[in-house]
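Order of appearance sets the numbers: ligands from 1, and atoms from 1 within every ligand.
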Amino acid sequence: MEYDVIFIGAGPGGYTGAIRAAQLGLKTAIIEKYPTLGGTCLNVGCIPSKALLDSSEHFYNAAHTFAEHGIRLDSLQVDLPQMIKRKQDVVDQTTKGIAFLMKKNKIDTYYGLGSFVDAHTVKIAKNDGGEETIKGKNIVIATGSKPMSFPSMPIDKKRVITSTEALKLEQVPKHLIIIGAGVIGAELGSVYARLGANVSFVEFADSMIPTMDKTMGKELQKAIKKLGADFYFNHKVTKVENKGEEVEVSIDTPDNKQITLTGDYCLVSVGRRPYTDGLNLEAAGLKADARGKVEVDSYLRTSVPHIYALGDVIRGAMLAHKAEEEGTFIAETIVGQKPHIHYRLIPNVVYTWPEVAAVGYTEEELKQEGIPYKTGSFPFKALGRARASMDIDGLAKVLAHKDSDEILGVHIIGPRAADIIAEAVVAMEFRASAEDITRMSHAHPTYTEAFKEACLAATGNRAINM
Ligand code: FAD
Ligand code: NAI
């Protein structure tokens, strides 16, 4: 078989790109080594983690805030197997939806491991046995990423686990030790802390989510601390050992002492690595860089111009919506269109409660780059809508250019921050000033008023409700 374009990997990047390619009239194939489509995001990432975040939040609210709302419940219990089953039902429905979309768009779907034979030929070692070889005028590497680990913390998938196992535990841990207080640590740590686990974060850096604006990490730590979690910042893990029913984590403290934490599970969430294992890149004349990434130019072309790459396997943020934009970009580039991705304006969200959402420059980046800026913040506790729902933790922070007033960064920790950030993305795509936002009517009472109030604060300190 010969195709206009073959996508290797059916994650958000691969399947979105394949659909766009088919819409544009390209004869399209997609290869996926797992039995279901959707990649990390749909199977063991975005979707299942959000399903468990929602379930655990319901439980936490029922246990801790319902009484204040005037709702009484007796003998509340966690049924973890049911919670995990519901999560899996959501995943199954969603991945089946992608299989339907492939059929609807007449995309040939191959289930098996794809590997290069040469720069135009891909061999598929099929999951149901046998081999097939297909050819592509264009080929897209969309093979994603896998959890990273270090030799001192060997993953055994029983006691020392990654996010994949943490999404299907059979019991709520008594003590969950999490190495890495980044996005996965914050989200899955929240899930199990809400369900009653003691959670300890051991983090190399000096705060949670250290790559985001520092204010966000500080505020998020306060919120997660309320769930009863412990934090070991600036600590270095030296050894993780499975002791049967327990796991022992040896740690160097900042003042060079050694301590040991004992728990029943240790979640290693220290980042993810680009994944090209088994792809036989060399046969296509390609090789991954020292960090395992496939190098691409600004058109997402590798050094072999008809072979493209996208998503987690290339540079940039490891986010589903970034991979999706790149899939669309590649399909449109192949047919000669001139698409565009504004990487600085790809939003970043942490689905804890309160949620954290950001777009654009952090304050630290502005300082580092010497860009003159002003800032305005507004706390959710001053917002009627937040008081009505008892979601008063957090704030919205706006960074605008000191002279032009153009919005350069928006950082929100608070209720529905994940949805509010969309307004900031639109504003920044159109290069709005903070003043522009202050002149636009925001429905009252809504959480979005926090963004407007932060813009008022950034332009002459004129927030109304503070
Ligand atoms: P992937 O989704 O990793 O897909 C790659 C696919 O390629 C896989 O299905 C793999 O099996 C297949 N493959 C690999 N090699 C081959 C081969 N040789 N032949 C055939 N198939 C192959 N991002 C967000 O934006 N929002 C979130 O809320 C979010 N939550 C997350 C939660 C967790 C726990 C994790 C782990 C990740 C989360 N992410 C989230 C990140 C997101 O999942 C990834 O950024 C996204 O899936 C990357 O998409 P991709 O298409 O590049 O690769
Ligand atoms: P991460 O990069 O977000 O966090 C890793 C953390 O581990 C960092 O804080 C880092 O300082 C720390 N760390 C690294 N080595 C360490 C060590 N030896 N000891 C202690 N701490 C150490 O990576 P994470 O959480 O594993 O997630 C991987 C990727 O998945 C993220 O980069 C993100 O792109 C994606 N993701 C996105 C989500 C979302 O969009 N909501 C949710 C979950 C994952």
Asker: Apply side-chain hydrogen bond (donor to acceptor under 3.5 Å, both in side chains) to Tyr3 and Asp108, showing your working.
Answerer: CA-CA 10 Å; Tyr3 292 95; Asp108 287 348; 2.5 Å; yes
Asker: Anything under 3.5 Å between an N or O on ligand 2 and a protein N or O? List each pair with its distance, or write none.
Answerer:
from, atom 1, to, atom 2, distance (Å)
ligand 2, 3 (O), Val183, N, 3.2
ligand 2, 9 (O), Glu203, OE1, 2.7
ligand 2, 9 (O), Glu203, OE2, 3.3
ligand 2, 11 (O), Glu203, OE2, 2.6
ligand 2, 21 (N), Phe204, N, 3.2
ligand 2, 23 (O), Gly271, N, 3.4
ligand 2, 25 (O), Val183, N, 3.3
ligand 2, 25 (O), Ile184, N, 2.9
ligand 2, 26 (O), Gly271, N, 2.8
ligand 2, 34 (O), Met318, O, 2.6
ligand 2, 40 (O), Val349, O, 3.4
ligand 2, 41 (N), Glu187, OE2, 2.9
ligand 2, 41 (N), Val349, O, 2.7

Asker: Could you tell me if Glu165 and Thr162 have a donor-acceptor pair between their side chains, going purely by distance under 3.5 Å?
Answerer: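 Yes, because at least one side-chain N or O of Thr162 sits under 3.5 Å from a partner of the opposite role on Glu165.
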Asker: May I ask which of Glu32, Met318, Lys146, Lys50 has a heavy atom nearer to atom 11 (O) of ligand 1 than the others do?
Answerer: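 Minimum heavy-atom distance to atom 11 (O) of ligand 1 goes to Glu32.
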Asker: Just by distance, do the side chain of Ser56 and the backbone of Leu195 share a donor-acceptor pair under 3.5 Å?
Answerer: no
Asker: If you measure from each non-hydrogen atom of Ser163 to ligand 1, which part falls under 4.0 Å: side chain, backbone, both or neither?
Answerer: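 Near ligand 1, Ser163 shows its side chain, while the N, CA, C and O stay back.
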Asker: Can you see whether Tyr265 has Arg159 sitting over its ring - NZ or CZ less than 6.0 Å from the centre and within 45° of the normal?
Answerer: yes
Asker: Of Ala142, Pro147, Cys41, which has the heavy atom at the shortest distance from atom 43 (O) of ligand 1?
Answerer: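 Comparing heavy atoms across Ala142, Pro147, Cys41, the nearest one to atom 43 (O) of ligand 1 lies in Cys41.
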Asker: Show which atoms of ligand 1 fall inside a sub-4.0 Å distance from at least one heavy-atom site of Gly11.
Answerer: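 The atoms of ligand 1 under 4.0 Å from a heavy atom of Gly11 are 2 (O), 4 (O), 6 (C), 51 (O).
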Asker: Heavy atom to atom 2 (O) of ligand 1, shortest distance: which of Thr40, Leu310, Leu188, Thr164 holds it?
Answerer: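 Comparing heavy atoms across Thr40, Leu310, Leu188, Thr164, the nearest one to atom 2 (O) of ligand 1 lies in Thr40.
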Asker: Give me the residue, atom name and distance of the protein heavy atom closest to atom 22 (C) of ligand 1.
Answerer: Lys33 CG, 3.9 Å
Asker: Ignoring hydrogens and geometry beyond distance, is a side-chain donor-acceptor pair present between Tyr447 and Ser389 at under 3.5 Å?
Answerer: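 Short answer, yes.
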Asker: At a non-hydrogen distance cut-off of under 4.0 Å, which region of Ser145 contacts ligand 1 (side chain, backbone, both, or neither)?
Answerer: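 Backbone only.
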Asker: Go through the side-chain N and O atoms of Asn43 and Thr36 and say whether any donor and acceptor fall under 3.5 Å apart.
Answerer: yes
Asker: Is it the side chain, the backbone, both or neither of Ala320 that has a heavy atom closer than 4.0 Å to ligand 1?
Answerer: both
Asker: For Thr143, which part has a heavy atom under 4.0 Å from ligand 1: side chain, backbone, both, or neither?
Answerer: both
Asker: Checking contacts here: is it the side chain or the backbone of Arg272 that comes within 4.0 Å of ligand 1, counting heavy atoms only? Could be both or neither.
Answerer: side chain
Asker: Considering only heavy atoms, which of Cys46, Ala418, Gly9 lies nearest to atom 38 (C) of ligand 1?
Answerer: Cys46
Asker: Is it true that Asp89 and Gln93 share a donor-acceptor pair across their side chains at a distance under 3.5 Å?
Answerer: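 Absent: no donor and acceptor within the cut-off.
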Asker: ring-ring contact (aromatic ring centres under 6.0 Å, His included) with Tyr60: which residues, sequence neighbours excluded?
Answerer: His64
Asker: Using salt bridge (charged side-chain N to carboxylate O under 4.0 Å, His left out) as the criterion, point out the one residue from Glu324, Glu326, Glu332, Glu325 that pairs with Arg20.
Answerer: Glu332
Asker: Assess, by modelled atom type and distance only, whether the side chains of His175 and Thr262 contain a donor and an acceptor separated by less than 3.5 Å.
Answerer: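 Per modelled atom types, His175 and Thr262 side chains form no pair under 3.5 Å.
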Asker: Just let me know how Pro12 lines up against ligand 1, side chain, backbone, both or neither, with a heavy-atom cut-off below 4.0 Å.
Answerer: both
Asker: Could you tell me if Lys135 and Thr121 have a donor-acceptor pair between their side chains, going purely by distance under 3.5 Å?
Answerer: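 Their side chains do contain a donor-acceptor pair, which is all the 3.5 Å distance test asks for.
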Asker: Would you say Asn280's side chain and Phe116's backbone share a donor-acceptor pair under 3.5 angstrom?
Answerer: yes
Asker: Among Gly114, Ser269, Gly45, Ala166, which one puts a heavy atom closest to atom 33 (C) of ligand 1?
Answerer: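 Looking at heavy atoms only, Gly45 sits closest to atom 33 (C) of ligand 1.
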